[in-house]
Protein chains: 2
Amino acid sequence: MTEASQTISDQIQKKLDDFTRAERQLALSILENYPASGLGPLTALANDANVSVPTVARMVQKLGFKSYPDFQSELREELRAKVKNPIAKHDMWAETAPSEHLLNRFTDAVIDNIRLTLTQINPAEFDAACGLVADQSRHLFIVGGRITHTLAEYFYLHMQVIRPNLTHVQSTSSTWPHYLLNAKKGDIVVIFDVRRYENNILKLAEIARSRGAKLILFTDQWRSPVHHFADISLSCRIMVPSAWDSAATTMLLIETMISSVQNLNWDDTKDRIETLEVMFDQTRLFRKFT
Amino acid sequence: MTEASQTISDQIQKKLDDFTRAERQLALSILENYPASGLGPLTALANDANVSVPTVARMVQKLGFKSYPDFQSELREELRAKVKNPIAKHDMWAETAPSEHLLNRFTDAVIDNIRLTLTQINPAEFDAACGLVADQSRHLFIVGGRITHTLAEYFYLHMQVIRPNLTHVQSTSSTWPHYLLNAKKGDIVVIFDVRRYENNILKLAEIARSRGAKLILFTDQWRSPVHHFADISLSCRIMVPSAWDSAATTMLLIETMISSVQNLNWDDTKDRIETLEVMFDQTRLFRKFT
DNA sequence: AGGTGACTGTGAAATTATTTTCATAATTTA
DNA sequence: TAAATTATGAAAATAATTTCACAGTCACCT
């Protein structure tokens with residue numbers, strides 16, 4: 001084997017820059033179900049990747065194979081070798097790094113957090129929270145702490161597109177009580193508070209509650225004291241091999257909620273998004289392609 | 001699926017007694033390099049097993065497949081499922097919700113994103129990026145786009161504690177060119193740019209590069225055009241069942257990098273954190289417990 | 001704005017490979 | 001020895017691959 005020491009997967013990644021748009025699309029599709037998708041018929045692969053048959057043929061040649069069957073036969077050889085090799089144990093995420101590598105340890109921890117968080121979550125409560133957030137007749141307040149205000153803003157930026165009638169409370173400023181002056185019965189306050197829990201957030205929650213608002217809380221497994229006032233609490237596991245906590249699981253829940261709320265409001269949202277697209281096009285803020 | 005829960009390998013072993021001599025010989029040969037040998041052409045398999053072509057055809061039919069290609073396609077399907085980590089094919093994450101519940105579908109997608117991202121990442125490059133970010137003699141610029149600036153800020157907030165000499169570039173403002181006035185050779189620019197890619201970020205990257213800064217890019221699987229200027233690109237899978245993209249995997253990488261950089265700088269960081277703790281205590285911003 | 005060139009998809013034809021199915025002879029097994 | 005199983009070789013049928021020409025699209029450049 002002259003250069004067979006690197007897998008076809010590696011070769012594809014290395015050549016990613018030399019590929020054209022359609023070829024890259026194909027390449028990513030191959031890597032998505034590697035190596036299974038490359039072992040089927042060429043036509044099936046082309047369909048999977050949403051590219052044309054000639055594109056597949058062209059790319060295979062660019063990779064240096066005489067023909068598609070040639071490419072497949074190397075793939076099979078690779079699979080043979082991998083299955084044979086006992087080192088190919090699959091409990092690693094970044095396979096080219098040792099299992100003690102931080103990438104693997106950290107990912108292990110995050111997956112574990114996700115698993116634990118999801119088994120402990122109450123789907124009915126989650127759905128209820130989504131329902132409340134989707135209700136456009138209620139004003140939506142979003143607030144976070146020193147670190148979590150970034151999550152709050154992430155949530156806010158999406159909600160802003162999906163629905164009107166919302167406010168991002170800048171809790172770091174001393175002006176947050178002013179926001180609450182407008183809060184009325186039935187309004188929704190989404191609060192992010194993980195350790196270390198912040199006093200002003202607690203105060204805010206208390207006041208909001210006393211004004212009759214519904215509170216939805218994103219917190220950690222030990223639960224912020226805010227949860228005493230919250231109508232719905234969603235606790236996420238946050239422990240990782242780091243001096244810091246992980247927001248990855250919280251992010252997952254936030255994004256799921258965004259998607260859910262979007263679905264609930266789809267009819268209204270559609271128009272808002274289209275309008276937004278037009279505006280973005282006009283401002284030429286975004287690139288069209290490549 | 002009625003009996004698809006058992007693998008083809010299982011089915012073959014179970015029927016081993018019903019097979020004739022030549023068929024058994026073939027069966028064992030298939031199991032020898034399972035599943036690679038079954039994915040090649042029928043003729044090759046017959047040769048490998050030293051049986052005739054019709055024998056292969058007969059056995060495949062005995063196993064209950066309509067044709068040899070049918071058999072292969074099931075083998076591929078099996079391989080697909082197997083490649084996903086055992087943990088990734090977890091049936092349900094939120095066990096009290098049906099598997100079609102968004103919580104389960106979304107989590108599935110995110111786990112898959114993590115798996116794919118990690119297998120395609122280059123640990124050496126990642127480590128190199130961490131090394132650069134940890135180097136306190138280089139000024140660290142952090143910049144994100146319309147949505148991703150929240151990730152940028154999350155990264156910034158942690159880096160702020162870990163090391164001095166850094167700037168969060170507010171790319172939304174029109175003042176970002178001013179930040180770059182201070183950029184000099186050897187400085188680090190960490191850029192977040194996922195679709196839709198933003199023109200001003202690209203411009204910024206180009207200028208930063210021309211001033212001799214090192215660029216580290218967090219992007220998606222399709223890669224922002226910034227990657228042409230970047231010294232190190234980290235691409236994350238971001239597809240989820242939503243109208244929006246997922247930043248959960250990106251978050252995972254960011255946090256891993258934070259942890260890694262913190263480890264590299266531990267001696268210096270320790271003091272900074274302690275100082276910070278004292279300051280927080282004094283401002284009574286955080287609650288001590290509960 | 002308009003032209004240029006690279007890239008892609010389409011459809012189809014030619015080619016090649018693969019599978020299926022026979023009949024028959026050889027071999028094994030009971 | 002008879003019956004069942006196999007291999008052989010080959011033909012027919014099917015499927016897959018390769019290769020075109022051409023037209024449409026998109027990015028890029030002037």
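Reminder, nothing fancy here: chain letters follow the sequence lines and each chain counts from 1.
Nearest to the side chain of B:Ala22, among D:dT6, C:dT8, C:dT19, sits D:dT6. Among the nucleotides C:dT19, D:dA7, C:dT21, the one closest to the side chain of B:Pro69 is C:dT19. Distances from the side chain of B:Pro41 to the nucleotides D:dT19, C:dT18, C:dG9 place C:dT18 closest. Closest contact between the side chain of B:Arg21 and the listed nucleotides C:dT28, D:dT17, C:dT21 involves C:dT28. Closest approach to the A:Leu42 side chain among D:dT18, C:dG9, C:dT21 is made by D:dT18 (side chain taken as heavy atoms from C-beta onward). For A:Pro54, taking side-chain heavy atoms from C-beta onward, the closest of the listed nucleotides D:dT19, C:dT21, C:dC7 is D:dT19.
Contact between the side-chain N/O atoms of A:Ser67 and the OP1/OP2 oxygens of D:dT18 is found at a separation under 4.0 Å. The phosphate of D:dA15 (OP1 or OP2) has no side-chain N or O of A:Thr43 nearer than 4.0 angstrom. Contact between the side-chain N/O atoms of A:Thr55 and the OP1/OP2 oxygens of C:dG9 is found at a separation under 4.0 Å. At D:dT19, one or more side-chain N or O atoms of A:Gln61 fall inside 4.0 Å of OP1 or OP2 (strictly under the cut-off).
Donor-acceptor pairing under 3.5 Å is lacking for the side chains of A:His158 and A:Gln262. Residues B:His139 and B:Thr167 have side chains that bring a donor and an acceptor to within less than 3.5 angstrom of each other. A side-chain donor from one of B:Glu78 and B:Tyr34 sits under 3.5 Å from a side-chain acceptor of the other.
Two residues, B:Gln72 and B:Arg58, neighbour DNA chain C, and the one matched to the more 5' nucleotide by heavy-atom proximity is B:Gln72.
Distance CG (B:Asn50) to C1' (C:dT27): 16 Å, rounded to an integer number of Å. For the pair B:Phe71 CZ and D:dA15 P, the computed distance is 19 Å after rounding to whole Å. The interatomic distance linking B:Tyr68 (OH) with C:dT18 (C1') rounds to 10 Å, in whole Å. In this structure, CZ of A:Arg24 is placed 13 Å from C1' of D:dA27, rounded to the nearest angstrom. To the nearest angstrom, C1' of D:dA16 lies 15 Å from CG of A:Leu39. Atoms NZ (A:Lys66) and P (D:dT17) sit 14 Å apart, rounded to a whole Å. Between the C1' atom of C:dT18 and the CG atom of B:Asp70 lies a distance of 15 Å, rounded to the nearest Å. Regarding B:Glu23, its CD atom lies at a distance of 14 Å from the C1' atom of C:dT28, rounded to whole Å.
Looking at A:Gln61, its side chain never comes within 3.5 Å of a backbone N or O of A:Ser67 through a donor-acceptor pair. Using modelled atom types, no side-chain atom of A:Asn263 and backbone atom of A:Ser260 make a donor-acceptor pair closer than 3.5 Å.
Note on A:Val51: only backbone sugar-phosphate atoms sit closer than 4.0 angstrom, heavy atoms only; bases stay farther off.
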